[in-house]
Amino acid sequence: MELNHQQKIAAEHEGGHVLVLAGAGTGKTRTIIARAAFLIHKGVAPNRILLLTFTRRAAKEMMNRLEQVIRGEVSQLMAGTFHHFCLYAMRRMSKQFDVEGATIIDRDDQIQLMKLIRGGYRKKGEQFPKAAELTNLYSYARNTLQPIQEYMDAYSEYEEDITGRICKITKDYDQRKKLNNYLDFDDILFRFAKRLHEDPSIRERMRGLYDHILVDEMQDTNPLQWLILDGLRDPARLFCVGDDAQSIYAFRGADFRNVHSFTKRIPESVVLRLEKNYRSTQGILDLSNWLLRASSLNYNKNLAAFRKTKSTPKLLGFDSDFDEARWITEDIIERHETGSPWNDHMIITRTGYGARAVESFMVEKKIPYRFIGGTSLLQAAHVKDLFSLVRASSNHHDELAWARYLTLWPGIGDVTASRIITKMKKHASFNDAFEALSKSLPKKNDLLKGIHIVVENRSSPEAAIQEAARFLARVVEQKYNRWDLRKRDFELLVRLAGRHKSLAAFLETYTLDPISAASAERLEDDDIVTLTTAHSAKGTEAVVCYLIRVEPGMYPHIRSVGVQEQEEEERRILYVAITRAKDELIMTRTYRRGGALRFLNSAVAGYGSEEDVYLLQDIDKDLVEEDIIGFNKGGFDDYEMIKPWDRG
DNA sequence: GAAGCGTTATACTAT
DNA sequence: ATAACGCTTC
C-alpha cells in the first residue's frame, strides 16, 4: 500500500497512544487501513485489534479494503461503531452486564415511550416540551455525562416547575425501560461505560481483549465515548484519527476536547499530522480554505492539493427547488450518456426534507440512486406495524410493540391496549400471558392468529416475515392509501430477513443500522448515484458533487441562526460537504422561498432571528463561477427584490 | 369513559 | 407524511 511520508510515520508508529490530525482528503481512511495492515504484518493477531468507526457502512468499507491489502482473512478483527462494539461485548458477558433478552429500541420507540409518560405530567392545555424534545434533552445530558437536573439548570430556559417535571419524567422513563427490558441507544454506551469503570473485574477482562484500538472520526466522539476509550486503554494503545474542522455532531454531544485535550489527558501520547490533500483540485480547496478563514475561530487549516488540475466550483441559482432538481438530474443524465458512470455523482443535501424535489426527479427520470440518511425504511408506519407484530410474538413484555399491534384492531384503543398489557405483564411466561390475553379480548379475534403465525414460523426469519406480512396486509391495507406501493416494502423485508439467522438478529441489525428504502432496493446494484445528507456524506467522496439548496436558511440551517456555536457548526457542515468533491463541485441554490424557508420570517418558537445569515454572503467572487439559470434571474444583490415572492 | 375521526401544526443533522 | 389534539359518537 502506497503511503506518503506523513502517512507512513503515522501508520508505522511504534510508541504509545497517537492522535492523528488529518485534514479532509488527506488519506485518513487509507492511513487507518495501513495501520491495521502494518500491525497484522508485524504479528499482531487480528482479534487483538479493535476498529471503531462512525457508521457500520464505514466499518464494512474499511474491512473490505483491508482484506485486499493484506490478502488474507481479517474477519477476526472487530470493526464497528461504538454501539455495535459495546453491545457485542455486553452480549458476550450478558449476565454481568444484565442484558439478557434485552430489546434494542430506536429513537422512534424512545419517543413513543416518552410520550406515554409525558401524558401523566402535562397539565391540560399547557405548553409542555414534546416527547421528541424530552428525548433529545435526556439523550444529550447522558452523552455528555451530566445529570439531567444540572444540565437543565445550566442550559435550558424552561421554568423551574417544568424542569422539575422533566427530571421526574426521565426517572419514570428509566424505570419503564427496565420493566420492558429495553435498551435504548444511549443505554448501550452508558451501561457498558458504567460497568467498565465500576467493576474492576470487568475492566480487567475488557482491557485484556485488545492490544490496539483504532478510532475513526475522533472529533465526533462525545464524553461518554471518551469514557469508554479511556476505560479500554493501557495496555491497549489508542490510534485516533480526526479533524476538528469536520466536527459536525455537537447536537449529539460530540466534544472536540477529545481531540484538543488528547495530549493533556494522555501525557505520554503524540500528535501526528496528515496535510497533503489527494482528493480535490486546488479550486475546490481554495473555497474550503476561504470558508474556514472566514470564521472567527482559528482552524489553522490550509489544504493544499497534490493534484495539478484546477477546477473552479460553480454556484448556480434557480428559481425554485423544482428547477434546481430538474437541472441536476438532466445534467447527470447527460454526463452518464457521455460515458460517466452513475457512481461518479453524489448529491449532498443539508436536510432530508430539502431533497424531496431531487428525489422525485430521480424516480421520474429513472436514475438509479440510493438515499443515505433521511427517513429509513423502518420508520415507515406500515413497516412498524409489521415489526410490532413480530416483536409482540416473541416477547410479551414488549409494551411498545404490543400497544401498536393491539391498537391496529377495531375496538381497541390506547386505554384498552394499556389494560391488556398490564394484565399480561403479571405473567412470567409467554404462554400464561397469551392465555390472559385471550380472556381479555371482548370476543373472538383474529388478533391472536397473527401472533400464532409468527410463533409457528419463528425458526425461519424469512418465513416468519413472509407469513406475518401476508396476515398483516389484510388488517392494515384499509388504513393506508397507495397500499400497493407500501406492500413492496414487505417483499423487500422478506428478502432481507432471509439473510439472518434469527428474527431477533434481523430486527437488531436494522435497528442499529437503519436502512433507507431507496438504498435497500439497490443492495446488489453498485453503479448508482448517491443522494446523501451532509452528515452522512462524511468520510465519502465522489468525482462530481452537487450541493443542493446552498442558500440562506440552509447554510446555516435556520434553526441554528442566532446561536454562535451552532452557526459555527453549520460552517463545518458546509466544509465537510464541499471537501467531498474530487473533480467538480457544483453548488446550486434557489431564490424562491419555500419549504423550510417559509418559516424564516415567522415567529415559530425555536427559530432564530429574522435577519438573513448566509455562509457564502461575502464570498470572494473569483472563488466560484456564479450563474443564474431559471426563469427569474436574481443574485445576491437583488435578493431583497425577491422577497415579495414569499407572499405569492 | 373509550374509540375513532377530522382538523391543525410541524418539518435538521443520527448511532 | 405524520403527530398531536379536540371533538363527536358509541
Side-chain angles (χ1 to χ4, degrees), chain A residues 52-59 80-87 104-108 110-112 115 118-119 122 124-125 128 130-133 135-136 139-140 143 183-189 217 220-222 224-225 247-254 348-356 372-376 379-382 384 407 409-419 442 479-482 486 510-514 516 532-538 549 553-561 566 569-570 572-574 576-577 594-599 602 604-607:
Chain A
L52 294 172
T53 57
F54 202 69
T55 62
R56 213 159 56 157
R57 192 159 45 91
T81 63
F82 277 83
H83 290 83
H84 281 115
F85 161 67
C86 292
L87 188 60
I104 308 300
I105 58 167
D106 65 7
R107 225 189 93 84
D108 282 334
Q110 284 183 60
I111 292 170
Q112 216 58 40
K115 209 185 293 173
R118 175 181 181 262
R122 177 173 172 265
K124 210 172 171 322
F128 194 79
K130 297 266 159 65
E133 168 75 357
T135 310
N136 283 343
S139 176
Y140 187 87
N143 277 286
L183 279 182
D184 67 24
F185 288 160
D186 302 328
D187 291 325
I188 295 173
L189 301 187
E217 308 286 5
D220 283 320
T221 54
N222 60 39
L224 180 53
Q225 289 167 323
S247 173
I248 57 175
Y249 280 89
F251 68 92
R252 227 173 71 179
I348 303 175
T349 176
R350 173 67 182 80
T351 71
Y353 193 71
R356 275 162 170 258
I372 300 174
T375 309
S376 79
Q379 285 166 302
H382 57 294
K384 283 203 213 159
T407 50
W409 298 86
I412 301 179
D414 296 344
V415 181
T416 309
S418 170
R419 256 185 223 138
K479 200 173 122 186
Y480 302 106
N481 43 16
R482 306 220 286 165
R486 291 182 184 251
Y510 295 105
T511 307
L512 276 176
D513 194 17
S516 79
T532 172
T533 60
H535 283 82
S536 297
K538 199 177 63 160
R549 306 292 296 272
M554 280 294 192
Y555 294 97
H557 190 270
I558 184 67
R559 289 188 74 160
S560 316
V561 174
Q566 285 181 32
E569 178 146 309
E570 297 290 313
R572 295 190 295 263
I573 294 170
L574 183 55
V576 166
L597 295 189
R598 246 183 308 128
F599 297 99
S602 71
V604 177
Y607 286 85

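To find a chain, count down the sequence lines: A is the first, B the second, and so on, and within it residues start at 1.
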Open item on the list: Let's see if you can work this out: which of B:dA14, B:dA3, B:dT15 has an atom nearest to the side-chain heavy atoms of A:His535?
Closed with: B:dA14
TODO: Could you check A:Ile188, A:Asp187, A:Thr81 and say which one makes a side chain to side chain contact (heavy atoms under 4.5 Å, CB included) with A:Leu87?
DONE: A:Ile188
- [ ] Starting from C1' on B:dA11, measure out to CD1 on A:Ile111 and report it in whole angstrom.
- [x] 13 Å
Open item on the list: I want to verify a distance call: between B:dT13, B:dA2, C:dC5, whose nearest atom is closest to the A:Arg122 side chain?
Closed with: C:dC5
TODO: Would you please confirm or rule out a distance under 4.0 Å between OP1 or OP2 of B:dA11 and any side-chain N or O of A:Arg356?
DONE: no
Task: Atom pair distance, as rounded to whole Å: CZ in A:Arg57 and P in B:dT15 - done: 9 Å
TODO: May I have the distance from A:Asp414 (atom CG) to B:dA2 (atom P), rounded to whole angstrom?
DONE: 11 Å
- [ ] Establish, from distance only, whether the side-chain atoms of A:Arg107 and A:Asn136 form a donor-acceptor pair under 3.5 Å.
- [x] yes
TODO: Can you figure out which of B:dA14, B:dT15, C:dC5 approaches the side chain of A:Thr533 most closely?
DONE: B:dA14
Task: Candidate nucleotides B:dT15, C:dA3, B:dA3, ranked by approach to the side chain of A:Arg252 - the nearest - done: B:dT15
Open item on the list: By nearest atom, which of the nucleotides B:dG4, B:dA14, C:dT2 is closest to the A:Ala381 side chain?
Closed with: C:dT2
Open item on the list: Less than 4.5 Å apart, side chain to side chain, heavy atoms only: is that true for A:Thr351 and A:Met554?
Closed with: yes
TODO: Rounded off to whole Å, could you give me the NE2-to-C1' distance for the A:His557 and B:dT13 pair?
DONE: 9 Å
Task: A:Arg419 side-chain N/O to B:dA2 phosphate OP1/OP2 under 4.0 Å - done: yes
TODO: From the options C:dC5, B:dT15, B:dG1, select the nucleotide whose nearest atom is closest to the side chain of A:His83.
DONE: B:dT15
Task: Residue closer to the 5' end of DNA chain B, A:Phe185 versus A:Gln566 (nearest nucleotide) - done: A:Gln566
Open item on the list: Counting the atoms with a prime plus P, OP1 and OP2 as sugar-phosphate, which does A:Asn222 contact under 4.0 Å by heavy atoms, base, sugar-phosphate, or nothing?
Closed with: nothing
Open item on the list: Check this one for me: any side-chain N or O of A:Ser536 less than 4.0 Å away from OP1 or OP2 of B:dT13?
Closed with: no
Open item on the list: From C-beta outward on A:Arg350, which listed nucleotide comes closest to its side chain: B:dA2, B:dT15, B:dC12?
Closed with: B:dC12
TODO: Specify the closest pair of heavy atoms between A:Phe251 and A:His535, including all atoms of both residues, with the distance to one decimal.
DONE: CE2-NE2, 3.8 Å
Open item on the list: If I take atom CD1 in residue A:Ile558 and atom P in nucleotide B:dC12, what distance separates them, rounded to the nearest angstrom?
Closed with: 10 Å
Task: Side chain of A:Pro410 - closest among B:dC12, B:dG4, B:dT15 - done: B:dG4
TODO: Describe the nucleic acid contact of A:Tyr249 in one word from base, sugar-phosphate, nothing, applying a heavy-atom distance below 4.0 Å.
DONE: sugar-phosphate
TODO: In whole angstrom, give the distance that lies between atom CZ of A:Arg107 and atom P of C:dT2.
DONE: 16 Å
TODO: Measure the distance from CG on A:Asp108 to C1' on B:dT15 and round it to the nearest whole Å.
DONE: 13 Å
Open item on the list: From OH of A:Tyr140 over to C1' of B:dC12, roughly how many Å is that when rounded to an integer?
Closed with: 16 Å
Open item on the list: Can you tell me which nucleotide in B:dA11, C:dA4, B:dA14 comes closest to the side chain of A:Lys115?
Closed with: C:dA4
Task: A:Lys130/A:Glu133 salt bridge by N-O under 4.0 Å criterion - done: no
- [ ] Compute the centroid of each ring, for A:Phe82 and then for A:Phe54, and state whether the two points are separated by less than 6.0 Å.
- [x] no
- [ ] Please tell me which of A:Ser139 and A:Gly413 maps to the more 5' nucleotide of DNA chain B, matching each residue to the nucleotide holding its nearest heavy atom.
- [x] A:Gly413
